[in-house]
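Shown next, in structure tokens, is the structure this report addresses.
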Amino acid sequence: MRHLRRIFDLEPEEARFLVQRGLEIKRRLKSGIPHQPLLGRILGLIFEKPSTRTRVSFEAAMLRLGGQTIFLSSRDLQLSRGEPLKDTARVLSRYVDGLVVRTFGQEVVEELAAHATVPVINGLSDKFHPCQVLSDVLTVVETGRPLEGLKVAWVGDGNNMANSWIEAAALFGFELRLACPEGYDPAEDVLSEARSRGAKIILTRDPVEAVSGAEVVNTDVWASMGQEEEAEERRRVFQPYQVNAELLKHAAPEAIVLHCLPAHRGEEITEEVLEGPRSVVWEQSENKMWLHAAVLEWLLA
């Protein structure tokens, strides 16, 4: 039984396969060639956190591949009334062919995967966001940039996205430079494991150092869901980490800008950059669906 709880659940060749397969499925379906390997399959979506892109892209991917979905929020499940996760996992496994989980703690993903008898996919947890980062890598590949030797900058919070970018750097072989304020670093255990696998990762406090010569510049919101009480303090701390036109002057001339959305214009990224010629965020958002299609086909077909 295979799960996708984090990017390190994949071997390097599997990660590369999923990226290429996502691009192949995109080309095929956009050309009008039918492809429905998941006909008769049902995907359950357990979402404890609200979502626009993750929910719709997983549902759209499943439907495009011929399958169906059942969406379950916290209020729809007996989890909210104290039913153990292991019971939920074992029961739902008898109804559906796979589960996507969007939750707070990574331990929820791990426990569901431990007791489910169908594949469990992490649609976001506080520690990892594997499918998002794989779709971001797909977007980079689609622009024609080779991953080997690529310089990628992450500017801002060392959050779940940063953790998954760190794991991706180990699997795909690009150089990752993270600029994070003190006290907001990525998970140390994730950094250590990635470096033990040979990942070239630089952690700095200086956004200019991270972005200098980078061909991909990446950021995310300063306060994620569940951090609303910290928002004012985070705005103060992260202000020097805004991705703006001045910072981009230090990047490679052909650099692209990524943001997984939703974006807070004027905070972590300016309107000028988000809507500018270097931004590929709308292609990036669409590509979630195509990467999800590859993951679903791989795990459920």
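Here the structure is a predicted model, which is why all the values come from computation and not from measurement.
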Donor-acceptor contact present, side-chain [X] to main-chain [Y], <3.5 Å:
| X | Y | value |
| --- | --- | --- |
| N218 | W154 | no |
| S31 | I33 | no |
| S57 | R53 | yes |
| S285 | W282 | no |
| T54 | S51 | no |
| E297 | A294 | no |
| T69 | L43 | no |
| E215 | A255 | no |
| R90 | K86 | yes |
| S279 | G276 | no |

Do [X] and [Y] get their side chains close enough for a donor-acceptor pair, meaning under 3.5 Å?
| X | Y | result |
| --- | --- | --- |
| T204 | E209 | yes |
| E246 | N244 | no |
| Q106 | E110 | yes |
| E268 | H259 | yes |
| K127 | N159 | no |

Grab the two heavy atoms, one from [X] and one from [Y], that are nearest each other, plus how far apart they are.
| X | Y | value |
| --- | --- | --- |
| V133 | A168 | CG1-CB, 3.9 Å |
| V118 | D97 | CB-O, 3.5 Å |
| A194 | I201 | CB-CD1, 3.8 Å |
| R64 | Q36 | O-CG, 4.1 Å |
| L178 | A210 | C-CB, 4.4 Å |
| P130 | R5 | CG-O, 4.0 Å |

What about [X] and [Y], same hydrophobic cluster or not, with Ile/Leu/Val/Met/Phe/Trp/Tyr joined at side-chain heavy-atom distances under 4.5 Å?
| X | Y | value |
| --- | --- | --- |
| V137 | M289 | yes |
| I256 | V273 | no |
| V96 | L63 | no |
| L138 | W298 | yes |
| M161 | V155 | no |

For a side-chain contact (heavy atoms from CB on, under 4.5 Å) with V295, tell me which candidate from L300, V100, L4 qualifies. L4

Once you round to the nearest 0.5 Å, how far does [atom1] of [X] lie from [atom2] of [Y]?
| X | Y | atom1 | atom2 | value |
| --- | --- | --- | --- | --- |
| Y241 | W222 | OH | CH2 | 11.0 Å |
| E13 | L171 | CD | CG | 8.5 Å |
| K49 | T103 | NZ | OG1 | 7.5 Å |
| I70 | L99 | CD1 | CG | 10.0 Å |
| D185 | L203 | CG | CG | 4.5 Å |
| Q284 | T143 | CD | OG1 | 11.5 Å |

Is [X] salt-bridged to [Y], going by a charged N under 4.0 Å from an acidic O?
| X | Y | answer |
| --- | --- | --- |
| R236 | E233 | yes |
| R235 | E267 | yes |
| E175 | R177 | yes |
| E142 | R27 | no |
| K30 | E24 | no |
| E193 | R6 | yes |

[X] versus [Y]: any side-chain heavy-atom pair under 4.5 Å?
| X | Y | answer |
| --- | --- | --- |
| L134 | L10 | yes |
| S125 | F104 | no |
| V257 | I269 | yes |
| I121 | C131 | yes |
| E48 | R102 | no |
| L72 | F47 | no |
| M1 | P119 | yes |
| L299 | R2 | yes |

Let me see the working for N287 and T139 under side-chain hydrogen bond (donor to acceptor under 3.5 Å, both in side chains), right down to the final yes or no. CA-CA 7 Å; N287 283 335; T139 302; 3.0 Å; yes

List for me each residue that meets salt bridge (charged side-chain N to carboxylate O under 4.0 Å, His left out) alongside E254, sequence neighbours excluded, and say none if there are none.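 Result, salt bridge (charged side-chain N to carboxylate O under 4.0 Å, His left out) vs E254: none returned.
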
Taking it one step at a time, do R265 and E275 satisfy side-chain contact (heavy atoms from CB on, under 4.5 Å)? CA-CA 10 Å; R265 292 164 166 85; E275 301 288 356; 2.8 Å; yes

Stepwise salt bridge (Lys or Arg N to Asp or Glu O under 4.0 Å) check, E229 with R234: CA-CA 10 Å; E229 292 182 2; R234 283 173 169 265; over 6 Å; no

So, do F128 and F8 have ring centers that fall under 6.0 Å from each other?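 Not under 6.0 Å, so no.
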
Any idea how W165 and F174 line up, ring-wise: parallel (<30°), tilted (30 to 60°), or perpendicular (>60°)?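 It falls in the perpendicular class, over 60°.
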
Could you walk me through whether E148 and R16 pass salt bridge (Lys or Arg N to Asp or Glu O under 4.0 Å), step by step? CA-CA 12 Å; E148 294 290 340; R16 293 174 189 276; 3.2 Å; yes

Could you go through the side-chain contact (heavy atoms from CB on, under 4.5 Å) check for L258 and D136 one step at a time? CA-CA 8 Å; L258 298 175; D136 295 349; 4.2 Å; yes

Within 45° cone and under 6.0 Å: R55 NZ/CZ vs F71 ring: yes

Evaluate the criterion side-chain contact (heavy atoms from CB on, under 4.5 Å) for residue pair R41 and L65; output intermediate values, then yes/no. CA-CA 9 Å; R41 301 283 184 169; L65 297 181; over 6 Å; no

Pair V208, S212 - check side-chain contact (heavy atoms from CB on, under 4.5 Å), show working. CA-CA 6 Å; V208 172; S212 291; 3.8 Å; yes

